[in-house]
Asks: 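The structure follows.
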Amino acid sequence: MKIRLLALLLCANSAHADTPQQILDGLVAQAGPASVTRGEKLFRGKFSGGKTADSCTACHTENAKLPGQHARTHKAIDPIAPVAQKDRFTDAAKVEKWFKRNCQEVLGRVCSAQEKADFTAYMISVK
Amino acid sequence: MGITWKNLLTLILSVAATVMVINNAPADDEAIFPMPAGKTYVEECGSCHTAYAPGLLPARSWRRMMGELDNHFGEDASLSEPQQLEILKALETLAADGNQANMRMRRIHGAIPAGTAPQRISETGYFKFMHDEVRPSIWKRKKIGTLANCIACHTRANEGRYGEREVRIPQ
């Protein structure tokens, strides 16, 4: 009885907190299978057509396990890889919001579900 | 003057009062700005930069900024409507010209020309006055980079704390 109550409480608590794998599954369901290689290409690629930053690494640095720094404001940014920062890719709404902002920032357009799935798969693969 | 109970009592009371004033002084003096309650403000307005204390600008500045979040200094900082309204209300309440403004906040407001709604804290008279001793080469250090990177030096800026004791200038 007590244990069931506890389990119930835990479930209620984690209702909106997903795991990175669950977030990836959600994206794959829209896009099809994800590619870690393509994800890394998006992360490291240099693009034109965006605004101040020409790449994801301009703010998130070349090493996803290290803290980044915002290209314009210079504020420190926690590492983007879940292995180094455990709340990364655990809130679907937050992930969606930053893909929207940062793809506009770097690519000058929104990212496709495929690109989001690839990027997420790459970040999960960083060990 | 002989020591009477009455004199002694007056002395004790005045010492006690002085101690209270001294104890209170740092808190009044210490450059602490009230911050919006809850996590929304720091999460939404503290992700790209310092979560600036509302008391650093007057309400009219915040109103203008919160109406143009889709083009916020060239960035998309837009929010859901409930969050936008929640944050705007907190900013207005705690602004430099709000009802509860302390002396420091009133001074900040006093230095801003009426009829203007500055968008940059780093361009206000108060900010310039407070930082005129920081050498230009310091602002250019990699970990600082811009005047508006308050949290690089004011380690507890996201809690509204700008006191001297909490300043650490990175190398």
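We name chains A, B, ... by the order of the sequence lines, and we start the count at 1 in each one.
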Asks: Hydrophobic clusters here meaning ILVMFWY residues chained together by side-chain heavy-atom distances under 4.5 Å, can you tell me if Tyr162(B) and Ile151(B) are in one?
Replies: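 As far as the 4.5 Å side-chain criterion goes, Ile151(B) and Tyr162(B) are not connected within one cluster.
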Asks: Any residues in residues 126-143 of chain B near chain A, with a heavy-atom distance under 4.5 Å, and which are they?
Replies: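 At a heavy-atom separation under 4.5 Å, chain A is reached by Lys142(B), Lys143(B).
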Asks: Test of understanding: clusters of I, L, V, M, F, W, Y form through side-chain heavy atoms closer than 4.5 Å, transitively. Do Leu79(B) and Met65(B) belong to the same one?
Replies: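 Yes; Met65(B) is reachable from Leu79(B) via cluster members.
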Asks: Counting a contact as any heavy-atom pair under 4.5 Å apart, which residues of residues 74-83 of chain A contact chain B?
Replies: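 The residues closer than 4.5 Å to chain B, in numerical order, are His74(A), Lys75(A).
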Asks: Do Phe119(A) and Val106(A) share a hydrophobic cluster (ILVMFWY, side-chain heavy atoms under 4.5 Å, transitive)?
Replies: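 Phe119(A) and Val106(A): one cluster.
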Asks: Is there a chain of hydrophobic side chains (I, L, V, M, F, W, Y, each step under 4.5 Å between heavy atoms) that links Tyr122(A) to Phe99(A)?
Replies: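 Yes, Tyr122(A) and Phe99(A) fall within the same hydrophobic cluster.
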Asks: Would you check, one step at a time, whether the test salt bridge (charged side-chain N to carboxylate O under 4.0 Å, His left out) holds for Lys94(A) with Glu44(B)?
Replies: CA-CA 10 Å; Lys94(A) 184 180 178 194; Glu44(B) 298 302 329; over 6 Å; no
Asks: Answer yes or no: are there more than 12 heavy-atom neighbours, outside Asn99(B) itself, under 6.0 Å from its atom CG?
Replies: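 It does not: Asn99(B) CG has 12 such atoms or fewer within range.
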Asks: Can you say whether Ser47(B) sits under 4.5 Å from chain A via the side chain, the backbone, both, or neither, judging by heavy atoms?
Replies: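 For Ser47(B), the contact with chain A is made by backbone and side chain together.
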Asks: Anything in residues 66-76 of chain B with a heavy-atom distance to chain A below 4.5 Å? Please list those residues in order.
Replies: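 Only Phe73(B), Gly74(B), Glu75(B), Asp76(B) of residues 66-76 of chain B have a heavy atom under 4.5 Å from chain A.
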Asks: Could you please state which residues from residues 35-52 of chain A sit under 4.5 angstrom from chain B, measuring non-hydrogen atom to non-hydrogen atom, sorted by number, or 'none'?
Replies: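 Within residues 35-52 of chain A, near chain B: Lys51(A), Thr52(A).
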Asks: Please determine, among Gln69(A), Arg101(A), Lys97(A), the option with the most heavy-atom pairs under 4.5 Å with chain B.
Replies: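 Counting heavy-atom pairs under 4.5 Å, the top option is Arg101(A).
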Asks: In terms of hydrophobic clustering (I, L, V, M, F, W, Y; side-chain heavy atoms under 4.5 Å; direct or indirect links), are Ile108(B) and Leu57(B) co-clustered?
Replies: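 In one cluster: yes.
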Asks: Between Gln104(A) and chain B, with a heavy-atom cut-off of 4.5 Å, which part of the residue counts as in contact: side chain, backbone, both or neither?
Replies: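 The answer is neither part of Gln104(A).
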